[in-house]
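Take a look at the structure set out below.
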2 protein chains.
Amino acid sequence: MAYQTVRSWDPELVPTPAGRGARPDEACPVEVALRVISGRWSTLLIRELLHGPLSYGAFRKRLPTLTDKVLTDRLAELRGHGIVERQITRGFPSRVTYQLTPRGEALRPLMIELYRTGEALLA
Amino acid sequence: MAYQTVRSWDPELVPTPAGRGARPDEACPVEVALRVISGRWSTLLIRELLHGPLSYGAFRKRLPTLTDKVLTDRLAELRGHGIVERQITRGFPSRVTYQLTPRGEALRPLMIELYRTGEALLA
DNA sequence: CGGAATCCTATCGGATACTG
DNA sequence: CAGTATCCGATAGGATTCCG
(Lines give C-alpha, C1' and ligand atoms only; values in the text may rest on other atoms or scores of the structure.)
Protein backbone atom coordinates (compact mmCIF):
# COMPACT_ATOMS: atom_id res chain seq x y z
CA MET A 1 0.00 0.00 0.00
CA ALA A 2 1.37 3.35 -1.04
CA TYR A 3 1.12 6.55 0.87
CA GLN A 4 -0.17 9.74 -0.62
CA THR A 5 -0.67 13.15 0.81
CA VAL A 6 -4.21 14.24 0.22
CA ARG A 7 -4.62 18.00 0.30
CA SER A 8 -7.76 19.30 1.87
CA TRP A 9 -9.19 22.44 0.38
CA ASP A 10 -9.66 25.54 2.46
CA PRO A 11 -13.47 25.93 2.34
CA GLU A 12 -13.22 29.70 2.54
CA LEU A 13 -10.78 29.95 -0.34
CA VAL A 14 -12.26 27.23 -2.53
CA PRO A 15 -15.80 26.57 -1.34
CA THR A 16 -17.03 24.58 -4.34
CA PRO A 17 -15.60 22.01 -6.75
CA ALA A 18 -15.70 24.60 -9.53
CA GLY A 19 -12.50 26.12 -8.25
CA ARG A 20 -10.52 22.93 -7.82
CA GLY A 21 -9.43 22.21 -11.36
CA ALA A 22 -5.89 21.17 -12.20
CA ARG A 23 -5.66 23.49 -15.17
CA PRO A 24 -6.94 26.86 -16.35
CA ASP A 25 -10.69 26.53 -16.69
CA GLU A 26 -13.26 28.94 -18.06
CA ALA A 27 -15.77 27.75 -15.49
CA CYS A 28 -13.57 28.46 -12.49
CA PRO A 29 -15.19 31.38 -10.66
CA VAL A 30 -11.86 33.11 -10.16
CA GLU A 31 -11.24 33.06 -13.88
CA VAL A 32 -14.77 34.16 -14.67
CA ALA A 33 -14.28 37.24 -12.53
CA LEU A 34 -10.83 37.93 -13.90
CA ARG A 35 -11.96 37.57 -17.47
CA VAL A 36 -14.54 40.34 -17.26
CA ILE A 37 -12.12 42.86 -15.76
CA SER A 38 -9.04 41.83 -17.70
CA GLY A 39 -7.61 43.61 -20.68
CA ARG A 40 -5.91 46.96 -20.81
CA TRP A 41 -8.25 49.87 -19.98
CA SER A 42 -11.05 47.60 -18.72
CA THR A 43 -10.77 48.56 -15.07
CA LEU A 44 -10.61 52.22 -16.07
CA LEU A 45 -13.85 51.95 -18.01
CA ILE A 46 -15.46 50.11 -15.12
CA ARG A 47 -14.23 52.74 -12.68
CA GLU A 48 -15.81 55.45 -14.80
CA LEU A 49 -19.09 53.60 -15.11
CA LEU A 50 -19.23 52.91 -11.38
CA HIS A 51 -19.58 56.67 -11.05
CA GLY A 52 -22.44 56.83 -13.49
CA PRO A 53 -23.42 56.43 -17.15
CA LEU A 54 -21.24 57.95 -19.86
CA SER A 55 -21.50 58.65 -23.55
CA TYR A 56 -18.92 57.48 -26.05
CA GLY A 57 -17.59 61.00 -26.34
CA ALA A 58 -17.45 61.43 -22.58
CA PHE A 59 -15.20 58.38 -22.36
CA ARG A 60 -12.92 59.93 -24.91
CA LYS A 61 -12.75 63.17 -22.96
CA ARG A 62 -12.04 61.51 -19.65
CA LEU A 63 -9.56 59.05 -21.16
CA PRO A 64 -7.95 61.08 -23.94
CA THR A 65 -5.20 58.63 -24.84
CA LEU A 66 -7.61 55.74 -25.33
CA THR A 67 -8.08 55.11 -29.04
CA ASP A 68 -11.41 54.54 -30.77
CA LYS A 69 -10.51 51.01 -31.67
CA VAL A 70 -9.70 49.91 -28.15
CA LEU A 71 -12.63 51.79 -26.65
CA THR A 72 -14.99 50.12 -29.09
CA ASP A 73 -13.39 46.73 -28.45
CA ARG A 74 -13.62 47.07 -24.70
CA LEU A 75 -17.21 48.28 -24.70
CA ALA A 76 -18.21 45.41 -26.95
CA GLU A 77 -16.42 42.98 -24.68
CA LEU A 78 -18.04 44.37 -21.54
CA ARG A 79 -21.41 44.29 -23.22
CA GLY A 80 -20.75 40.72 -24.26
CA HIS A 81 -20.12 39.84 -20.65
CA GLY A 82 -23.39 41.46 -19.64
CA ILE A 83 -21.55 44.03 -17.54
CA VAL A 84 -22.43 47.08 -19.59
CA GLU A 85 -25.49 48.06 -21.58
CA ARG A 86 -26.02 50.68 -24.21
CA GLN A 87 -28.94 53.05 -24.22
CA ILE A 88 -29.93 54.85 -27.39
CA THR A 89 -32.20 57.84 -27.15
CA ARG A 90 -33.76 58.72 -30.50
CA GLY A 91 -34.17 62.31 -31.62
CA PHE A 92 -31.83 65.16 -32.51
CA PRO A 93 -29.20 64.63 -31.53
CA SER A 94 -29.62 60.94 -30.88
CA ARG A 95 -27.91 60.20 -27.62
CA VAL A 96 -25.92 57.07 -26.83
CA THR A 97 -24.99 56.25 -23.27
CA TYR A 98 -23.28 53.32 -21.64
CA GLN A 99 -24.11 52.17 -18.17
CA LEU A 100 -23.48 49.26 -15.89
CA THR A 101 -26.01 46.48 -15.62
CA PRO A 102 -26.79 45.03 -12.18
CA ARG A 103 -24.14 42.42 -12.98
CA GLY A 104 -21.73 45.26 -13.57
CA GLU A 105 -22.60 46.93 -10.30
CA ALA A 106 -21.77 43.63 -8.63
CA LEU A 107 -18.14 44.27 -9.51
CA ARG A 108 -17.84 47.15 -7.04
CA PRO A 109 -16.73 45.09 -4.02
CA LEU A 110 -14.12 43.39 -6.17
CA MET A 111 -12.76 46.69 -7.42
CA ILE A 112 -12.55 47.96 -3.85
CA GLU A 113 -10.72 44.82 -2.78
CA LEU A 114 -8.31 45.13 -5.70
CA TYR A 115 -7.54 48.68 -4.66
CA ARG A 116 -7.04 47.66 -1.04
CA THR A 117 -4.75 44.79 -1.95
CA GLY A 118 -2.75 46.93 -4.34
CA GLU A 119 -2.19 49.53 -1.68
CA ALA A 120 -1.05 46.84 0.74
CA LEU A 121 1.42 45.56 -1.86
CA LEU A 122 2.76 49.07 -2.40
CA ALA A 123 3.27 49.71 1.30
CA MET B 1 -18.57 81.33 -18.54
CA ALA B 2 -18.74 77.70 -19.59
CA TYR B 3 -20.28 74.92 -17.67
CA GLN B 4 -18.48 71.73 -16.92
CA THR B 5 -19.52 68.69 -15.05
CA VAL B 6 -16.93 67.87 -12.44
CA ARG B 7 -17.04 64.26 -11.38
CA SER B 8 -16.48 63.59 -7.73
CA TRP B 9 -14.74 60.36 -6.89
CA ASP B 10 -16.40 57.76 -4.74
CA PRO B 11 -14.06 57.71 -1.73
CA GLU B 12 -14.72 54.04 -1.12
CA LEU B 13 -13.93 53.04 -4.67
CA VAL B 14 -11.04 55.42 -5.26
CA PRO B 15 -9.80 56.61 -1.88
CA THR B 16 -6.49 58.12 -3.01
CA PRO B 17 -5.20 60.08 -6.01
CA ALA B 18 -3.16 57.04 -7.05
CA GLY B 19 -6.25 55.48 -8.57
CA ARG B 20 -7.49 58.50 -10.48
CA GLY B 21 -5.25 58.46 -13.53
CA ALA B 22 -6.61 58.97 -17.01
CA ARG B 23 -4.60 56.15 -18.49
CA PRO B 24 -3.21 52.74 -17.54
CA ASP B 25 -0.68 53.34 -14.81
CA GLU B 26 1.75 50.96 -13.11
CA ALA B 27 1.32 52.85 -9.86
CA CYS B 28 -2.44 52.50 -9.73
CA PRO B 29 -3.21 50.14 -6.84
CA VAL B 30 -5.76 48.23 -8.89
CA GLU B 31 -3.17 47.52 -11.54
CA VAL B 32 -0.54 46.64 -8.98
CA ALA B 33 -2.81 43.97 -7.56
CA LEU B 34 -3.86 42.72 -10.96
CA ARG B 35 -0.29 42.52 -12.18
CA VAL B 36 0.81 40.09 -9.48
CA ILE B 37 -2.08 37.69 -10.08
CA SER B 38 -2.31 38.05 -13.84
CA GLY B 39 -1.02 35.62 -16.38
CA ARG B 40 -2.22 32.17 -17.16
CA TRP B 41 -1.70 29.69 -14.29
CA SER B 42 -0.81 32.39 -11.76
CA THR B 43 -3.97 32.10 -9.70
CA LEU B 44 -3.62 28.34 -9.72
CA LEU B 45 -0.10 28.53 -8.33
CA ILE B 46 -1.26 31.01 -5.71
CA ARG B 47 -4.19 28.77 -4.79
CA GLU B 48 -1.81 25.87 -4.27
CA LEU B 49 0.58 27.92 -2.18
CA LEU B 50 -2.23 29.30 -0.04
CA HIS B 51 -2.65 25.71 1.11
CA GLY B 52 1.02 25.36 2.00
CA PRO B 53 4.55 25.17 0.57
CA LEU B 54 5.25 23.00 -2.43
CA SER B 55 8.26 21.66 -4.24
CA TYR B 56 8.81 22.12 -7.95
CA GLY B 57 7.93 18.50 -8.54
CA ALA B 58 4.82 18.75 -6.40
CA PHE B 59 3.57 21.56 -8.60
CA ARG B 60 4.09 19.39 -11.62
CA LYS B 61 2.17 16.56 -10.04
CA ARG B 62 -0.75 18.71 -8.98
CA LEU B 63 -0.83 20.62 -12.27
CA PRO B 64 0.21 17.97 -14.80
CA THR B 65 -0.46 19.96 -17.96
CA LEU B 66 1.62 22.91 -16.84
CA THR B 67 4.92 22.90 -18.72
CA ASP B 68 8.34 23.47 -17.18
CA LYS B 69 8.82 26.69 -19.06
CA VAL B 70 5.64 28.30 -17.86
CA LEU B 71 6.04 26.99 -14.33
CA THR B 72 9.54 28.41 -14.17
CA ASP B 73 8.40 31.69 -15.68
CA ARG B 74 5.51 32.08 -13.26
CA LEU B 75 7.55 31.20 -10.20
CA ALA B 76 10.22 33.70 -11.22
CA GLU B 77 7.57 36.33 -11.77
CA LEU B 78 5.92 35.69 -8.43
CA ARG B 79 9.29 35.76 -6.72
CA GLY B 80 10.07 39.01 -8.51
CA HIS B 81 6.90 40.47 -7.07
CA GLY B 82 7.89 39.36 -3.60
CA ILE B 83 4.89 37.07 -3.38
CA VAL B 84 6.77 33.79 -3.31
CA GLU B 85 10.09 32.72 -1.86
CA ARG B 86 12.26 29.72 -2.50
CA GLN B 87 13.79 27.64 0.26
CA ILE B 88 16.72 25.38 -0.48
CA THR B 89 17.60 22.67 2.00
CA ARG B 90 21.12 21.32 1.48
CA GLY B 91 21.92 17.64 1.78
CA PHE B 92 20.97 14.50 -0.10
CA PRO B 93 18.67 15.01 -1.72
CA SER B 94 18.77 18.76 -1.65
CA ARG B 95 15.22 19.94 -1.27
CA VAL B 96 13.68 22.99 -2.95
CA THR B 97 10.38 24.37 -1.76
CA TYR B 98 8.32 27.37 -2.70
CA GLN B 99 6.15 29.21 -0.24
CA LEU B 100 4.24 32.43 0.04
CA THR B 101 5.80 35.43 1.71
CA PRO B 102 3.68 37.56 4.06
CA ARG B 103 2.97 39.73 1.02
CA GLY B 104 1.73 36.62 -0.72
CA GLU B 105 -0.52 35.66 2.17
CA ALA B 106 -2.02 39.12 1.86
CA LEU B 107 -3.58 38.01 -1.42
CA ARG B 108 -5.97 35.63 0.31
CA PRO B 109 -8.85 38.10 0.79
CA LEU B 110 -8.56 39.12 -2.85
CA MET B 111 -8.68 35.52 -4.03
CA ILE B 112 -11.77 34.94 -1.91
CA GLU B 113 -13.42 38.04 -3.33
CA LEU B 114 -12.57 36.96 -6.88
CA TYR B 115 -14.20 33.62 -6.23
CA ARG B 116 -17.27 35.25 -4.72
CA THR B 117 -17.65 37.66 -7.60
CA GLY B 118 -17.15 34.95 -10.18
CA GLU B 119 -19.86 32.84 -8.59
CA ALA B 120 -22.19 35.82 -8.61
CA LEU B 121 -21.51 36.35 -12.30
CA LEU B 122 -22.20 32.70 -13.03
CA ALA B 123 -25.51 32.72 -11.17
C1' DC C 1 15.10 16.06 -9.29
C1' DG C 2 14.80 21.04 -10.76
C1' DG C 3 15.27 23.54 -13.93
C1' DA C 4 17.30 26.70 -18.55
C1' DA C 5 17.36 27.58 -23.61
C1' DT C 6 15.01 27.72 -28.16
C1' DC C 7 11.55 28.08 -31.20
C1' DC C 8 7.00 29.18 -32.86
C1' DT C 9 2.33 30.99 -33.15
C1' DA C 10 -1.85 33.42 -31.60
C1' DT C 11 -3.67 37.18 -29.64
C1' DC C 12 -3.63 41.82 -28.08
C1' DG C 13 -3.59 46.51 -28.40
C1' DG C 14 -1.78 50.82 -30.62
C1' DA C 15 -1.64 53.86 -35.00
C1' DT C 16 -4.02 55.46 -38.70
C1' DA C 17 -7.62 56.35 -41.83
C1' DC C 18 -12.34 56.30 -43.13
C1' DT C 19 -17.82 56.47 -42.49
C1' DG C 20 -23.04 57.38 -41.53
C1' DC D 1 -21.11 62.53 -32.59
C1' DA D 2 -20.22 57.55 -32.57
C1' DG D 3 -18.25 54.54 -34.34
C1' DT D 4 -15.55 50.76 -38.51
C1' DA D 5 -11.80 48.96 -41.05
C1' DT D 6 -6.85 47.76 -41.73
C1' DC D 7 -2.46 47.09 -40.61
C1' DC D 8 1.27 45.82 -37.69
C1' DG D 9 4.69 45.14 -33.89
C1' DA D 10 5.14 43.23 -29.36
C1' DT D 11 4.35 39.75 -26.02
C1' DA D 12 2.61 35.62 -23.90
C1' DG D 13 2.68 31.09 -23.48
C1' DG D 14 2.89 26.29 -25.30
C1' DA D 15 6.11 22.43 -27.40
C1' DT D 16 10.34 20.62 -27.34
C1' DT D 17 15.03 19.78 -26.17
C1' DC D 18 18.93 19.98 -23.23
C1' DC D 19 21.65 20.47 -18.61
C1' DG D 20 23.91 20.00 -13.55
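Numbers restart at 1 for each chain; the letters A, B, ... are given by sequence-line order, proteins then strands.
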Interatomic distance where [atom1] belongs to [X] and [atom2] belongs to [N] [whole Å]:
X: D73(A); N: dC7(D); atom1: CG; atom2: C1'; result: 14 Å
X: L54(B); N: dG2(C); atom1: CG; atom2: P; result: 11 Å
X: L63(A); N: dG14(C); atom1: CG; atom2: P; result: 12 Å
X: I88(B); N: dC1(C); atom1: CD1; atom2: P; result: 16 Å
X: R40(A); N: dT11(C); atom1: CZ; atom2: C1'; result: 15 Å
X: L78(B); N: dG3(C); atom1: CG; atom2: P; result: 14 Å
X: R62(B); N: dG2(C); atom1: CZ; atom2: P; result: 16 Å
X: L71(B); N: dC1(C); atom1: CG; atom2: P; result: 13 Å

Ignoring hydrogens and geometry, is there a side-chain-to-backbone donor-acceptor pair from R23(B) to L63(A) under 3.5 Å?
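Such a contact is absent between R23(B) side chain and L63(A) backbone.
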
Side-chain donor/acceptor contact of K69(A) with base of dG13(C) under 3.5 Å:
yes

Nearest-nucleotide pick for [X], side chain only, options being [options]:
X: V70(A); options: dG14(C), dG2(C), dA2(D); value: dG14(C)
X: R74(B); options: dG3(D), dA12(D), dG3(C); value: dA12(D)
X: T67(A); options: dG13(C), dA15(D), dG14(C); value: dG14(C)
X: T72(B); options: dC7(C), dG3(C), dA5(D); value: dG3(C)

Is V14(A) close to H51(B) at the side-chain level, that is, under 4.5 Å between some pair of heavy atoms?
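A side-chain contact under 4.5 Å exists here.
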
Would you call E85(A) and Y98(A) a side-chain contact if the rule is heavy atoms closer than 4.5 Å?
no

Do the side-chain N or O atoms of [X] get closer than 4.0 angstrom to the phosphate oxygens (OP1, OP2) of [N]?
X: W41(B); N: dA12(D); result: no
X: R95(B); N: dC1(C); result: no
X: Y98(B); N: dG3(C); result: yes
X: R86(B); N: dG2(C); result: no

Base, sugar-phosphate alone, or nothing: which one does F59(A) contact when heavy atoms must sit under 4.0 Å apart?
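No contact.
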
Quick one: label R60(B) by what it contacts on the DNA or RNA (base, sugar-phosphate, nothing), any heavy atom closer than 4.0 Å.
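Answer is nothing: R60(B) stays at 4.0 Å or more from every strand.
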
Report yes or no: is the cationic atom of R62(B) (NZ for Lys, CZ for Arg) under 6.0 Å from the centre of the six-membered ring of W9(A), at an angle within 45° of the ring normal?
yes

Using heavy atoms to find the nearest nucleotide of DNA chain D for D68(A) and P24(A) separately, return the residue whose nucleotide is more 5′.
D68(A)

Please determine, by modelled atom types, if T16(B) and Y115(A) share a side-chain donor-acceptor pair under 3.5 angstrom.
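There is such a pair (donor and acceptor under 3.5 Å, judged by atom type) between the side chains of T16(B) and Y115(A).
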
